[in-house]
Amino acid sequence: MRRRNSLTVEKDSDPELKQHPGRGASGPGEERNMKPFRRLGLVGKMKRIMMVLLLIYVSIPIIVKLFPSIQAKLIFLNFVRMPYFIDLKRPLDQGLNHTHNFYLEPEPGLRIGVWHTVPAQMWRAAQGKEGDWYDSTFASAHPIILYLHGNAGTRGGDHRVQLYKVLSSLGYHVVTFDYRGWGDSDGSPSEGAMTSDALFVYDWLKQRIEKSLPLYIWGHSLGTGVATNLVRRLCDQGSPPDALILESPFTNIREEAKSHPFSMVYRFLPGFDWFFLDAISANDIRFTSDENVNHISCPVLILHAEDDTVVPFHLGKKLYNAASQSKSLSGHKVQFVSFPSSLSYKHKFIYRSPELPNILSDFLGSAHPVVA
Ligand SMILES: *[C@@H]1O[C@H](CO)[C@@H](O)[C@H](O)[C@H]1NC(C)=O
C-alpha cells in the first residue's frame with residue numbers, strides 16, 4: 001500500500017521535473033506567443049503554476065535546513081490549538097463533570113495545566129468540589145492512569161476526552177496535563193522539558209496516592225516517546241511504574257518523520273535525511289523508544305490500528321519486536337494488540353473499541369475496579 005503510494009508520488013513528480021528542461025528547449029518556438037500574463041493560454045498558466053510549485057517544493061528543504069527550529073515546531077505542533085475556543089479551566093464544557101482543573105509548577109514560576117478526572121461512579125460526589133476533595137480521592141482503592149498526550153491540541157482534545165471517559169467509567173482516576181508550551185501551560189516545548197514535566201507530575205502523584213495503589217502510564221502518539229523516556233528514567237531510579245501502555249507508538253522520531261504523510265513528497269529526494277532528519281536531531285529531538293525499551297522493566301502493552309496513517313502500523317509492530325527482544329523486559333508481560341482496518345480506528349479512535357475494557361483487564365491481570 002505504502003509502496004504503491006510512493007510509486008504514484010514519484011510518477012506524479014516526474015513530469016513536473018521534466019517539463020522544465022522541456023520548456024527551455026522549446027523556448028525559441030514559444031517566442032511569438034510571449035504576451036502579457038492574462039493572454040497566456042491554459043498551457044502557459046499551467047507552466048507558471050508548475051514553476052511556483054517547483055519553487056515551493058525546492059525552497060522548503062532549504063528553509064528547514066537554514067532554520068531547524070521550524071522542524072521542531074512541526075513536530076510539536078503545540079501552537080495548533082484544536083478545538084480553538086475551549087476553556088481549559090472548564091472541563092465541564094467537554095462533558096467532564098467530575099474533573100478538576102489545576103496548575104502545578106515543575107519549575108519556579110512555570111505553571112502547567114493539569115486535569116484530574118475521578119472514577120465515573122464518584123461523579124455525583126464530585127459536584128461542586130474543590131482541589132482538597134479531589135486530592136482526598138487518591139486515598140480510595142482506585143488505580144491511577146497518568147495520560148501523556150501527543151502533539152497538537154491540548155488535554156481537552158476530543159479523542160483524549162473520550163478516552164478519559166472510557167477509563168474513568170472503568171473505575172480509574174485519569175490525570176493528564178499539557179506539557180510546557182501546550183494549551184494554557186507556560187514555557188516552550190522540547191523533548192527534555194516534556195519528559196521532565198511528565199516526571200514532575202508522576203512524582204506529584206506518587207506523593208499523594210496510597211503506596212499499594214497501581215499507577216499506570218499511558219502515552220499516545222508523540223506522548224509514547226515521552227512515556228518511554230519517563231519510564232526509562234523511573235527504571236534507572238529503581239522505581240518502575242506498574243505498567244506502561246503505548247497507544248499508536250513509533251520506534252524513534254527519525255523513522256516516524258520519514259513515514260509521516262507530511263514528508264511523503266520529500267522522502268525519496270536524495271538528501272532527505274540531511275535536509276529534514278538531521279534538522280530534527282539538531283533540535284535534540286530523538287524520542288528513541290526502540291532504545292528505551294532496553295532499559296525498561298515493567299509490563300508493556302502496545303495498541304495500534306492497522307489503518308493508522310499518522311504513525312504507521314509497522315512502526316508499532318517494530319517497537320513491539322524490539323521490546324520482546326529486550327533483556328530488561330524479559331520476565332515482564334509484553335503484549336501487542338492490533339485493530340483491523342475494517343474498524344477504522346486510525347490514529348485517534350482506539351478508545352471506541354468495545355474490546356478495550358477486556359484488553360486492559362487481561363493485560364493488567366485484574367478486574368476493573370468499577371465497583372468499590
Ligand atoms: C456526569 O458524568 C458521568 C460520568 O461520565 C455521567 O455518567 C453522568 O451522566 C454525568 N451527569 C450529568 C448530569 O451530565
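Both ligands and their constituent atoms are indexed starting at 1 by order of listing.
Which parts of ligand 1 touch N97 is read off a 4.0 Å heavy-atom cut-off, strictly below it: atoms 1 (C), 2 (O), 3 (C), 8 (C), 10 (C), 11 (N), 12 (C), 14 (O).
One finds no salt bridge joining D203 and K206 here, because no Lys/Arg side-chain nitrogen approaches an Asp/Glu carboxylate oxygen to under 4.0 Å.
Heavy-atom distances between H98 and ligand 1 reach below 4.0 Å in at least one pair.
Of the candidates H173, H98, H100, H116 forms a side-chain hydrogen bond (donor to acceptor under 3.5 Å, both in side chains) with just one, namely H173.
Remark: minimum distance from atom 7 (O) of ligand 1 to any protein heavy atom is reached at W123 NE1, 3.9 Å.
For E130, the CD atom counts as loosely surrounded, since its 6.0 Å shell holds 12 or fewer non-hydrogen atoms of other residues, nucleotides or ligands. Under a cut-off of 6.0 angstrom, the local environment of NZ in K129 is crowded, with over 12 non-hydrogen atoms contributed by other residues, nucleotides or ligands.
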